[in-house]
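So that the names make sense, note that chain A is the first sequence line, chain B the second, and so on, each numbered from 1.
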Amino acid sequence: MSVNNVKSHIKVYISIFVALMVLTVLTVFVSYLELSIGYAVTIAMIVAVIKGSLVANYFMHLISEKKVIYWVLILTLVFFVILMLLPILSTLDQVSR
Amino acid sequence: MEKFLGLPIDASASGHEVDNLIVIIHYLMFVLFIGWGIFFMYTIFRFRKTKNPVADYHGVKSHASNYLEIMVVAFEVVLLVVFSIPLWAKRVNDFPKEKNAVVVNVVGEQFAWNIHYPGKDGKFGKQDIKLIDSDNPLGLNRSDEDAKDDITTINELYLPVNKPVIINIRSKDVIHSFKLPVMRIGQDAIPGLDIPVWFTPTVKGEYEIACAQLCGLGHYRMKGSLFIVTEEEFNNWLEEQFSNL
Amino acid sequence: MMEIPYTSKPHSETGLYNAKFGIWLFIASEVMLFGALFTAYILLRVGASEWPKGAEILNVPLATINTVVLISSSITMVMSWASLKMNEFSKYKVYMLLTFLLGVVFLVIKFFEYNAKFHHGYFPSTNMFFATYFTLTGLHGLHVIGGMIVNFYFLTIGSKMWNTDKERFTNRIEIAGLYWHFVDLVWIFLFPALYLL
Amino acid sequence: MDNHQHHESFVKKYIFSQDHKIIGIQYGITSLLFLLFGFYLVTVMRWQLAYPMEAFPLERFVYPLLGIGVILLFIRGLKIGIHSVVGVSLILLAGVSWYVATRDENMPNRIMLPEFYNQLGAMHGTIMVFLGVVPLAVGAFGNYIVPLQIGAPDMAFPKLNMSSYWCFFVGGVTMLVSFFVPGGAANSGWTSYPPLSDIATTGQTLWLLGMVFLITSSLLGSVNFIITIVQLRAKGLSFMRLPFFVWTQFVTSFLLLLAFPPLEAAGILQLMDRVAGTSFFLPSGLVVSGDPLPANIGGGTPLLWQHLFWFLAHPEVYVLILPALGIVAEVIANNTRKPLWGYKSLVYATIFLGFMSFIVWAHHMFMTGMGSTINAFFQITTMIISIPSIVILSAMFLSLYGGSIRINTPMLFALAFLPMFGIGGLTGLPLGLSTSDIHLHDTYYVIGHFHYVVAPGTIFALFAGIYYWYPKLTKRKMNEALGKIHFWGSFVAMNVIFFPMLIQGLAGVSRRLYDGGQTYAHAQSVLYLNEVMSIGAWSLAFFQMFFIVNLFLSIKKGKEVDDNPWEATTLDWAATTSPPLAHGNFAQVPEVYRGPYEYSVPGSDKDFIPQHQQ
Ligand code: HEA
Ligand code: HEA
Ligand code: CUA
Ligand SMILES: [Cu+2]
């Protein structure tokens, strides 16, 4: 990465920073709206995912990362989803009176 | 084969289903093991250095093993689709109607099985943990209308022969596992959950309830008795328990 | 006699130097760690007969400030790395110091937050809500402390490497940053899950 | 650079070493000691099982341990070396055993209490799995062999490697210390199911702390292995030219990396339950020994622990077996003097196996009240995962065909591994079908199943590896005669121990029974087997003496051999000296021109072509 490149990156960092701040305010604001739990969770998680991907993609440079890293993260994500889903599905399918 | 495998006697209407599966799969295992075993011994003796000083770079060329693998897969599919999955579904979904069945609660605790019959009214009385003491291990609230005729025993489960039984399994403290080897029934007793199992005893006799999950220092002696009696004897027994209340 | 290759130069196939690949693998394992905790959180919450809304018992303004603090520390962290890339070591020091201090601020606020809870008689044992709250934020806090120790090292003794091996030092700051951003990222999920919902 | 190695202090060179070879040896010695200790615990248990409630002849069990320790200590006139380190450790272990067994809360009048039996069982399982086999297979073999086989100067992160060992060490010591706290060591099984473990004695807290260290150690190690294998391969050594052993280590590392953290999370939650009064795993309304727990306790779910535990522990069992398969593959290829059959299918099957191992875990939980959908899912995945195992095993069998088989000690162990793993794996099938598991769950059938895979399976493979790579470390071979006695004795004894377990299990005898099932009517017909198995276990111990003696005697007395005594092709033998150079392993940077097992290539003058030969 050349020096100029870095300089243009810095602009990106600043705008990401601003976006993150805005989203933080947004999510806090929404939480005061007394939405039903379903909506509240959906919105909060959407905002969190957006914020999270901004951090990962720009601060952690995931957006321009090498292929190997993608593969590792995809694999992790698959297992992450399995780890989340299967215990929950099992609990739902529990034989119980 | 059942004899050969040394399974305990089978005293329930569905026990043979479990046994059949165990037997069939052991056939598969024996065949595979013996088949591979013969090949294995043959190669070891045939291809020792003394017998075969120069190795063959390519080795086996046939694809027999692929066919064999496909056959094993097919066999496993059959075992799953024809036996195990439907049998399990029957076990957890096709409960007999409560009115045609004997319903019992079994509550595990360190280190005993509390058996709870609803009595004549068929309703289980209210329970309250505050009432639990050594005389009333289930905390049964005897002033509750439904509880008046409830019968409780410790480690003694009487059941009538040839009638479906539903047993609700719970635990007061840690995880136990309610196991009736002769009925081919096993179900963990998990605190916080109330899990039903069902079966139909078919052979009269005196058997055992085992605890199959490590539950502390008395795990090894957490043994109950299971009595399968005629319907008449069962009713007499209930009557007798009731009069002792 | 061989030296370990790719300690600072990227490998021709993967395009990565060892430590960068390493930190990503470590992050992958952290994802699974927090994933398990989130699973636990969901299962417990769905199974609970009642679950208080975080905002009613927890201090949302303080936590919001902490969110801002942590995000700010991420930007100073990335700036410190960018400064090294631009060969401005003194700027690096400033940004790194800021990152470290923001970490301190985060912990101080956390301390006040915990303290207030203890004063009101809320402990992990109070109920399931506080159990998850203290466990998750506590574990996150430990991660922050871990990151701060690393940052402190690179701010002080560790920064000597700049004089001997600029490239490798810059890389080290990059991976310290990756870890630090990840800790930030975890907080981004913890914050709504515990405080807002 | 050149001269600094001469100035390294003893401590830096042998204790806080960053050289993968020294670390590998450290791992090896420590884990062998733990393996021995885990075995020792089980020999004690087997006394109680064979002769329930009879006074325990403590001396007969401790003296051999002490005896070997003293012999090793004096074998070379008190000189410092591996033998004396092991000797002192054995004397210490004998001391620990003596002290623990004479405590009244464990064995009043030498009669074992059930609490103590449970401690022994839990610690046997834990030590064998987490402190014995994994560190030996991954920590020792992986560390020592992988960098050599891929032509790397060291692991990618030597400092991390060192910390990994020391985390492991601290974790191990924590586990040992737990025998001394009030109430003794953890006694809720190696699975530590709550609520039992939540309300257990202090030993459980130490168990959890120990696990946190062990998990950290494994995580550091696995990152290191993956990077090393991806980044540090020699020129020309493409993935499809890697020795199969490296592949197994690679997949294993991914399992450790991604499966261990959930157990760490679960461990933290259980620690909180135990020390901070939370109740993540305690449901409401518990009544323990007649006393209702306070109202704030509750709301948790015991099954959560089981999910998180088995999410690790199922992949963990493949961590136990994969490196073993790798070792067996190396030994077989070398001693049949021909390439492994179906190398590619081996590799793909291994990757697939690794992947699948993450989605079968709940087959350990069939009896927890699963509905039919989830149950079907886990049965199906469990049957699917048996396929790659069959593919791998078949490939190994077929590799024998057409070979020119040399029968030496490593090969004997490797060959025996195949049918033994076969029995273990096949007995996994009835367990994997939930309907037959109803009868077999938590019986000795399960114990028999997995011991066949881990003991005459994995442990045999590890023995094969030790005999095979010994010359690499010492420039000497281990004694063949002693080795063969060790093999045949162990082989017979292992089967005498583990086959009867399957019989007992089919009869319905539960596991973890302090009296071996004495009180159960359905156990009576197979009760006599308890004594048979115990005698088997003690004979097994006897035959290990031949191994220990061989291991230490051969360091000085073994037959001296050249750098490539087995005429092998892989880089660990081919491009380095025995033992490998202290720094950097290789005199010149090796370059690779061919696949890993070019034995008996038609038209070549020798029956092997090393990978680095042009
Ligand atoms: C290394 C360890 C290891 C391995 C490899 C396996 C492999 C398998 N395991 Fe096992 N298992 C354990 C270790 C292991 N297991 C442990 C430790 C436990 C108990 C934990 C506890 O509760 O404490 C356990 C428990 C366990 C259970 C739970 C039982 C219960 O508690 O009720 C189940 C159920 O599905 C299961 C299934 C399987 C299956 C289907 C395989 C399959 O992967 C097996 C596939 C292999 C084959 C099918 C063999 C193929 C070979 C041939 C065909 C050739 C044979 C012939 C000759 C050589 C002659 N295992
Ligand atoms: C890797 C795992 C592993 C291994 C290798 C073993 C090996 C052995 N195990 Fe065990 N075992 C478990 C894992 C393992 N076990 C687990 C997880 C449980 C369940 C625990 C629970 O219920 O919670 C269990 C339970 C268990 C039980 C059941 C207890 C019960 O349910 O009440 C029994 C009973 O006999 C038993 C016996 C044995 C025997 C005789 C061996 C023998 O094969 C031992 C062989 C050992 C050696 C051959 C050692 C070789 C080492 C050397 C010779 C060292 C040399 C040393 C130096 C050079 C310093 N084990
Ligand atoms: Cu109750 Cu074991
Ligand atoms: Cu498993």
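- For the set D/Gly298, D/Gly508, D/Ala507, D/Pro292, the entry with the most heavy-atom pairs within less than 4.5 Å of chain B is D/Ala507.
- Side-chain atoms of D/His449 do not come within 3.5 Å of backbone N or O of D/Tyr445 as any donor-acceptor pair.
- The backbone N or O of B/Val18 sits nowhere less than 3.5 Å from a side-chain atom of D/Ser436 that would complete a donor-acceptor pair.
- At a 4.5 Å heavy-atom cutoff, B/Ile70 makes no contact with chain D through either its backbone or its side chain.
- Residue D/Val526 does not touch chain B at all, counting heavy-atom pairs closer than 4.5 Å.
- B/His219 has its ring centre no less than 6.0 Å from the ring centre of D/Tyr193.
- With a threshold of 4.5 angstrom between heavy atoms, D/Thr443 approaches chain B through side-chain atoms but not through N, CA, C or O.
- Using a 4.5 Å cut-off between heavy atoms, B/Ile175 contacts chain D through both its backbone and its side chain.
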>> Using the rule given for side-chain hydrogen bond (donor to acceptor under 3.5 Å, both in side chains), can you reason through B/Asn114 versus B/Glu109, listing the C-alpha separation, both sets of side-chain angles and the distance that settles it, and then say yes or no?
In response: CA-CA 8 Å; B/Asn114 294 290; B/Glu109 72 171 47; 3.2 Å; yes
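- Using a cut-off of 4.0 Å between Lys/Arg side-chain N and Asp/Glu carboxylate O, B/Glu17 and B/Lys90 are scored as salt-bridged.
- Side-chain atoms of D/Trp305 never come within 3.5 Å of backbone atoms of D/Phe281 as a donor-acceptor pair (strictly under, hydrogens ignored).
- The most heavy-atom pairs under 4.5 Å with chain B, out of D/Pro419, D/Gly285, D/Gly121, come from D/Pro419.
- Under the 30°/60° scheme for interplanar angles, the aromatic rings of D/Phe421 and D/Phe417 are found to lie parallel.
- Only the side chain of D/Pro302 has a heavy atom closer than 4.5 Å to any heavy atom of chain B.
- Residue contact with chain B, scored on non-hydrogen atoms closer than 4.5 Å, involves the side chain of D/Leu303 exclusively.
- For the set B/Asp133, B/Leu193, B/Ile129, the count of heavy-atom pairs under 4.5 angstrom toward chain D peaks at B/Ile129.
- The parts of D/Ser394 that come within reach of chain B are both its backbone and its side chain, each placing non-hydrogen atoms under 4.5 angstrom from that chain.
- Contacts with chain D were tallied for B/Ile190, B/Val197, B/Ile195; B/Ile190 has the most, counting heavy-atom pairs under 4.5 Å.
- Taking OG of B/Ser225 as the start and CD of B/Glu206 as the end, the distance is 5.5 Å to the nearest 0.5 Å.
- Aromatic ring orientation, D/Tyr599 versus D/Phe608: tilted (interplanar angle from 30° to 60°).
- Identified by a heavy-atom distance below 4.5 Å to chain D, the contributing residues of residues 40-50 of chain B are B/Phe40, B/Tyr42, B/Thr43, B/Ile44, B/Phe47, B/Arg48, B/Lys49, in residue-number order.
- For D/Pro430, the parts sitting under 4.5 Å from any heavy atom of chain B are the backbone and the side chain alike.
- Here B/Arg184 does not pair with B/Asp10 in a salt bridge; the nearest charged N to carboxylate O distance is not below 4.0 Å.
- Interface residue B/Phe33: backbone and side-chain heavy atoms are both found under 4.5 Å from chain D.
- With respect to chain B, the highest number of heavy-atom pairs below 4.5 Å among D/Asp198, D/Asn335, D/Asp291, D/Leu415 belongs to D/Leu415.
- Although no hydrogens or angles enter the test, the distance criterion places no donor-acceptor pair under 3.5 Å between the side chain of D/Lys338 and the main chain of B/Gly59.
- When atom types are taken as modelled, the side chain of B/Asn52 and the backbone of D/Gly403 share a donor-acceptor pair closer than 3.5 angstrom.
- If you take CG on B/Leu28 and CG on D/Leu429, they are separated by 7.0 Å, rounding to the nearest 0.5 Å.
- Checked by atom type and distance alone, the side chain of B/Ser12 pairs as donor or acceptor with a backbone atom of B/Met183 at under 3.5 Å.
- Panel note: side chain D/Lys606, backbone D/Glu567; no donor-acceptor pair is recorded below 3.5 Å.
- The greatest number of non-hydrogen atom pairs below 4.5 Å with chain D, out of B/Lys179, B/Arg221, B/Lys130, is found for B/Lys179.
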> Between D/Arg512 and B/Tyr220, is a side chain to side chain contact (heavy atoms under 4.5 Å, CB included) present by the stated rule, with each step listed?
Replying inline: CA-CA 8 Å; D/Arg512 293 166 167 170; B/Tyr220 73 101; over 6 Å; no
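- Your options are B/Glu208, B/Glu76, B/Met29, and the one with the most heavy-atom pairs under 4.5 Å with chain D is B/Glu208.
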> Could you go step by step and tell me if B/Leu159 and B/Val104 meet the side chain to side chain contact (heavy atoms under 4.5 Å, CB included) rule?
Replying inline: CA-CA 9 Å; B/Leu159 294 173; B/Val104 190; 4.1 Å; yes
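- Counting heavy-atom pairs closer than 4.5 Å to chain D, the top residue among B/Ile85, B/Val81, B/Ile24 is B/Ile85.
- When atom types are taken as modelled, the side chain of B/Trp198 and the backbone of B/Arg91 share a donor-acceptor pair closer than 3.5 angstrom.
- Only the backbone of B/Pro53 comes within less than 4.5 Å of a heavy atom of chain D; no side-chain atom from C-beta onward does.
- Only the side chain of D/Gln306 comes within less than 4.5 Å of a heavy atom in chain B; its backbone stays farther off.
- Sparse packing is recorded around NZ of B/Lys126, with 12 or fewer heavy atoms of other residues, nucleotides or ligands lying under 6.0 Å away.
- For D/Leu196, the parts sitting under 4.5 Å from any heavy atom of chain B are the backbone and the side chain alike.
- Only the side chain of D/Pro283 comes within contact range of chain B, judged by heavy atoms closer than 4.5 Å.
- The most heavy-atom pairs under 4.5 Å with chain D, out of B/Ile132, B/Val174, B/Val60, B/Val92, come from B/Val60.
- When atom types are taken as modelled, the side chain of B/Asp188 and the backbone of B/Ser177 share no donor-acceptor pair closer than 3.5 angstrom.
- Residue contact with chain B, scored on non-hydrogen atoms closer than 4.5 Å, involves the backbone and the side chain of D/Thr435 alike.
- For D/Thr427, the parts sitting under 4.5 Å from any heavy atom of chain B are the backbone and the side chain alike.
- In summary, the side chains of B/Asp56 and D/Tyr401 do not present any donor paired with an acceptor at a separation below 3.5 Å, with no hydrogens or angles considered.
- Listed options D/Asp437, D/Ile423, D/Thr301, D/Asn187 were ranked by heavy-atom pairs under 4.5 angstrom with chain B; first place goes to D/Ile423.
- D/Ile407 touches chain B through its side chain: at least one heavy atom from C-beta onward sits under 4.5 Å away, while N, CA, C and O do not.
- The contact between D/Ile199 and chain B is made entirely by side chain atoms (from C-beta outward), counting heavy-atom distances below 4.5 Å.
- Across D/Gly422, D/Ala376, D/Ser434, the residue that shares the most heavy-atom pairs under 4.5 angstrom with chain B is D/Ser434.
- Chain B forms more heavy-atom pairs under 4.5 Å with one residue of D/Pro339, D/Ser510, D/Gly189 than with any other, namely D/Pro339.
- Both the backbone and the side chain of D/Asp515 come within less than 4.5 Å of a heavy atom in chain B.
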